[in-house]
Every structure is written in structure tokens, then in C-alpha cells.
Undergrad: 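Please read through the structure below; I'll follow up with questions.
Values below: every heavy atom of this structure, side chains too, minus hydrogens, waters and symmetry copies.
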Number of protein chains: 2
Amino acid sequence: MGQIKKTSTNYENRQILDSECDEIYAANLIGGRWTIAICCYLADGKLRFSQLRKRMPNITERMLTLHLRKMEANRLVKRTVYAEVPPRVEYELTESGQQLMPILDQLRSWGRKHKQKTQTYS
Amino acid sequence: MGQIKKTSTNYENRQILDSECDEIYAANLIGGRWTIAICCYLADGKLRFSQLRKRMPNITERMLTLHLRKMEANRLVKRTVYAEVPPRVEYELTESGQQLMPILDQLRSWGRKHKQKTQTYS
DNA sequence: TGTGGTACTAACAAAAATGTAAGTATGGGA
DNA sequence: TCCCATACTTACATTTTTGTTAGTACCACA
């Protein structure tokens, strides 16, 4: 998000890992602060910008916009604009986005187990 | 990595998402630049610090140290120090870390498919 | 004429992650 | 005595991500 400097070591390293490891590439696509949350809310169907915002009280409009734009560029979500006033914009998961859901389910159950374990031991 | 400020909105938002969504919690654990790569190299067994470094020519010692420390704190890897000179330190995946591997496999195949698709269409 | 709702954008600030360069302790061997 | 290897640490700089605040266009409706 924001500007990226294409001559930095940081950027280079990301490119290399992204191109060599498909799992890192995938992790980077879902890695933004709000990305997974948005996916989960869209899993049940289309939502308007304002509906997403209501479901995530802590996100700012700017962050929601940035994440949705990035997710659109990464083809995780599809954006549909209706020529109405006031404007109406709907977001929905692409097929790729939907195929991510079972993996997120597995991450969830791994995370739940792991959280319990670490809370027990520490 | 480095310092975190526990009174920032940024930190708060992460905490809220982490505690509410186990899949976001999990994603944050594997989200560092080099974390997944380290997991993959350790999947085949123990490795010393220097062996990891050789397998990842682009990582700096500082980044490798930070990631390993964070992964140790998050109980993804176990660190064993041998009282020798010169020092010998071995890293290996914990049980939790190993249980992550099938999920990384799925991420990899999703990522590969997704990469092909987006390259085809754009 | 003025207000309202929607989905944004822009300018800026703060925090977090990543990278650079140099230095540390240890004891064994030349 | 000096150099070597290992696994770090420290101080700093840069890049990236996230958050804050204040705006914008549009037209319907009162």
C-alpha cells in the first residue's frame, strides 16, 4: 500500500521470494492487516463498501479502500460500480478468493490449537 | 520486530483481530518476510544457524536472528545451544511448526494456480 | 438554497518491518 | 601472540504499512 520503491533491497527480496516460493507469494496476498477479515465477511456473499465498514468498526475508510483496491488488483475480489446517486459499489470474492476459504479454515483450526497450547505452557 | 508501542491504534487493532480471529492470529505468526522460508528449510530436519544462512543467500544475519527469535517465542521452532567453541546452535521445528507444513503445501498449490491465472489474464 | 448519504481521495503523521555496517566473546590452532 | 570460525548484538538508516484528519462529487429531496 502506498508507494513502493522498486530499487530497494526490501523490494528485491520480496520479489525473489515471491517468484521462487508459491506459498510465500500466497501468504503475501493475504498478509495485509485487514485482508483476511474482509475475505471472511465476503465469504457469505456480496457486500457494499458501507456494509463492510459496519462489520469492521475499527477499520478506517482509507484502510478499507486501500485493502479492497489491493485485493482487486490481486484478483481476490471483484468490484462492481453502479451508476447511481448516491453511489453504490459492491464487492465479492472471485473464484480464486473463494478457493482460499478452505485454507483459511485450516489456518483457523491450527491457530486455535496453537493458541491454546501456548497459553497453557506460558 | 524491533520495538512495539503498546498504546498505538495499530497495536490495538492487531490485538483485537488476533484475539477474535484464529486465522488472522495464525497468519500473523507466519507473516514475516523470511518466516515461511525458514519453516520450509527446517521441514527436513535440524539446521545450524550457519546452514540456514547458506540456504538463504539474501537474508542478513540480523534478519535471520530476529526471525528465529520471534519464531522461538511463538513456539514454531526450538533452539538448542551446545556449549562448544566455536558455538553451535541448532534449530528445529516444534510439533506445532510441523503441523503447519500441510497448510503451507496447500498455500503453495493455491499460489501456483493463482499465479498462473493472473499471468494469463493480464 | 441547503442538507444528506455514499464511496471515496489527499496530505500528512506515526509505527513497524527490514536492511546496513560494524563490533562482540570464546578458545583452539599456527 | 595473533588469527580464525561461529553465532550472535548494537546503532543507525531506509522502506513499508498503518492511522488521522479533512476534504471531494454527485444528485435527490426538503
Undergrad: Linking directly or through intermediates, with side-chain heavy atoms under 4.5 Å: list the remaining ILVMFWY members grouped with B/V85, chain and number order.
TA: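 The other cluster members (ILVMFWY side chains, heavy atoms under 4.5 Å, direct or chained): none.
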Undergrad: Between D/dA5 atom C1' and B/F49 atom CZ, what is the distance in whole Å?
TA: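 After rounding, the gap between these two atoms is 13 Å.
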Undergrad: Measure from the side-chain heavy atoms of B/S8 and tell me the nearest of D/dG19, D/dA7, C/dA16.
TA: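 So the side chain of B/S8 is nearest to C/dA16.
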Undergrad: Passes side-chain contact (heavy atoms from CB on, under 4.5 Å), B/N58 versus A/T9? Steps please.
TA: CA-CA 9 Å; B/N58 296 310; A/T9 306; over 6 Å; no
Undergrad: B/R14 vs B/E12, test: salt bridge (Lys or Arg N to Asp or Glu O under 4.0 Å). Steps then yes/no.
TA: CA-CA 5 Å; B/R14 182 200 284 228; B/E12 265 177 44; over 6 Å; no
Undergrad: Please report how far the helix from C/dT1-D/dA30 to C/dA30-D/dT1 bends, comparing the axis fitted to its first five pairs with the axis fitted to its last five, to the nearest 10 degrees.
TA: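 The helix from C/dT1-D/dA30 to C/dA30-D/dT1 shows an end-to-end axis angle of 40°.
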Undergrad: By nearest heavy atom, map A/P86 and A/E61 onto DNA chain C; which one lands nearer the 5' end?
TA: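 In this pair, the answer is A/P86.
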Undergrad: Describe the nucleic acid contact of B/T65 in one word from base, sugar-phosphate, nothing, applying a heavy-atom distance below 4.0 Å.
TA: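 Base contact.
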Undergrad: Could you go through A/D22 and B/W110, starting from their C-alpha distance and side-chain angles, then the distance that decides it, and tell me whether this counts as side-chain contact (heavy atoms from CB on, under 4.5 Å)?
TA: CA-CA 8 Å; A/D22 292 332; B/W110 181 87; over 6 Å; no
Undergrad: Taking the basic N atoms (NZ, or NE/NH1/NH2) and the acidic carboxylate oxygens, is any pair closer than 4.0 Å for B/R88 and B/E90?
TA: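 Here B/R88 pairs with B/E90 in a salt bridge, since their nearest N and O are under 4.0 Å apart.
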Undergrad: For C/dA15 and B/R14 - does any side-chain N or O of the residue sit under 4.0 Å from the phosphate oxygens OP1/OP2?
TA: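 The answer is no; no side-chain N or O of B/R14 sits under 4.0 Å from OP1 or OP2.
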Undergrad: Given D/dT20, is OP1 or OP2 found less than 4.0 Å from the side-chain N or O atoms of B/T9?
TA: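 Yes, because at least one side-chain N or O of B/T9 sits under 4.0 Å from OP1 or OP2 of D/dT20.
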Undergrad: Where the side chain of A/P87 is concerned, which of D/dC26, D/dT18, D/dC8 is the nearest nucleotide?
TA: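 Of D/dC26, D/dT18, D/dC8, D/dC26 is nearest to the side chain of A/P87.
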Undergrad: Tell me, do B/K78 and B/Y91 make a side-chain contact under 4.5 Å, heavy atoms counted?
TA: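 No, every pair of side-chain atoms sits at 4.5 Å or beyond.
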Undergrad: How close or far is atom P of C/dC8 from atom CD1 of A/I59, stated in whole angstroms?
TA: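 The answer, rounded to whole Å, is 13 Å.
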Undergrad: Closest to the B/N13 side chain: D/dG19, C/dA7, C/dG19?
TA: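 Of the options given, the side chain of B/N13 lies nearest D/dG19.
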Undergrad: If I take atom CD in residue B/E12 and atom C1' in nucleotide C/dA14, what distance separates them, rounded to the nearest angstrom?
TA: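 Going from B/E12 (CD) to C/dA14 (C1'), I get 14 Å.
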Undergrad: If you compare every side-chain N and O of A/R79 against the phosphate oxygens of C/dA7 (OP1, OP2), does one of them come in below 4.0 Å?
TA: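 Looking at the OP1 and OP2 atoms of C/dA7, neither is under 4.0 Å from any side-chain N or O of A/R79.
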Undergrad: Measure from CD1 on B/I4 to P on C/dT18 and round the result to the nearest Å.
TA: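 Atom-to-atom, B/I4 to C/dT18, this comes out as 14 Å.
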Undergrad: Grab the CE-P distance between B/M56 and C/dT18 for me, whole Å please.
TA: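 Result: 13 Å.
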Undergrad: Find which nucleotide of DNA chain D each of A/W34 and B/V89 is nearest to by heavy atoms, and output the residue with the more 5' nucleotide.
TA: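 Going by which nucleotide is closer to the 5' end, it is B/V89.
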Undergrad: Please figure out whether A/N10 or B/T7 has its closest DNA chain C nucleotide nearer the 5' end.
TA: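 Nearest nucleotide further toward 5': that of B/T7.
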Undergrad: If you only use heavy atoms from C-beta on, which nucleotide in D/dC8, D/dG19, D/dC27 is closest to the side chain of A/V85?
TA: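 Closest of the options to the side chain of A/V85: D/dC27.
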Undergrad: With a 4.0 Å cut-off on heavy atoms, is B/R62 in touch with a base, just the backbone sugar-phosphate, or nothing at all?
TA: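 Base contact.
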Undergrad: Looking only at side-chain N and O atoms, does A/H67 come under 4.0 Å of OP1 or OP2 in D/dT18?
TA: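 Answer yes for this pair, as a side-chain N or O of A/H67 is under 4.0 Å from OP1 or OP2.
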Undergrad: Taking any heavy-atom pair under 4.0 Å as a contact, classify B/Y91: base, sugar-phosphate, or nothing.
TA: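 Sugar-phosphate, backbone atoms only, no base.
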Undergrad: Please state how far atom CZ in A/R69 lies from atom C1' in D/dT17, giving the value in whole angstrom units.
TA: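 After rounding, the gap between these two atoms is 18 Å.
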Undergrad: In whole angstrom, what separates B/E84's CD from C/dG28's P?
TA: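 Atom CD in B/E84 sits about 12 Å away from atom P in C/dG28.
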Undergrad: For C/dA7, does either OP1 or OP2 sit under 4.0 Å from a side-chain N or O belonging to A/R48?
TA: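 True: A/R48 side-chain N/O within range (under 4.0 Å) of C/dA7 OP1/OP2.
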Undergrad: When all nucleic acid strands are considered with a 4.0 Å heavy-atom cut-off, which category describes B/T60: base, sugar-phosphate, or nothing?
TA: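 Counting heavy atoms under 4.0 Å across all strands, the contact made by B/T60 includes a base.
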Undergrad: Report the distance from atom CE of B/M71 to atom C1' of C/dA17, rounded to the nearest whole Å.
TA: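 Result: 16 Å.
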Undergrad: Set out, in order, the CA-CA distance, both residues' side-chain angles and the distance that settles side-chain hydrogen bond (donor to acceptor under 3.5 Å, both in side chains) for B/Y41 and B/R55, then state yes or no.
TA: CA-CA 8 Å; B/Y41 283 119; B/R55 280 160 178 74; over 6 Å; no
Undergrad: Taking A/H67 for the side chain and A/M63 for the main chain, is one N or O donor matched with an acceptor at less than 3.5 Å?
TA: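 Indeed, once roles are kept as given, a pair shorter than 3.5 Å links the two residues.
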Undergrad: Check step by step if side-chain contact (heavy atoms from CB on, under 4.5 Å) holds for A/F49 and A/T65.
TA: CA-CA 8 Å; A/F49 186 87; A/T65 302; 3.6 Å; yes
Undergrad: Tell me which nucleotide among C/dT18, D/dT6, D/dG19 gets nearest to the side chain of B/M63.
TA: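 When the side chain of B/M63 is considered, C/dT18 is the closest of C/dT18, D/dT6, D/dG19.
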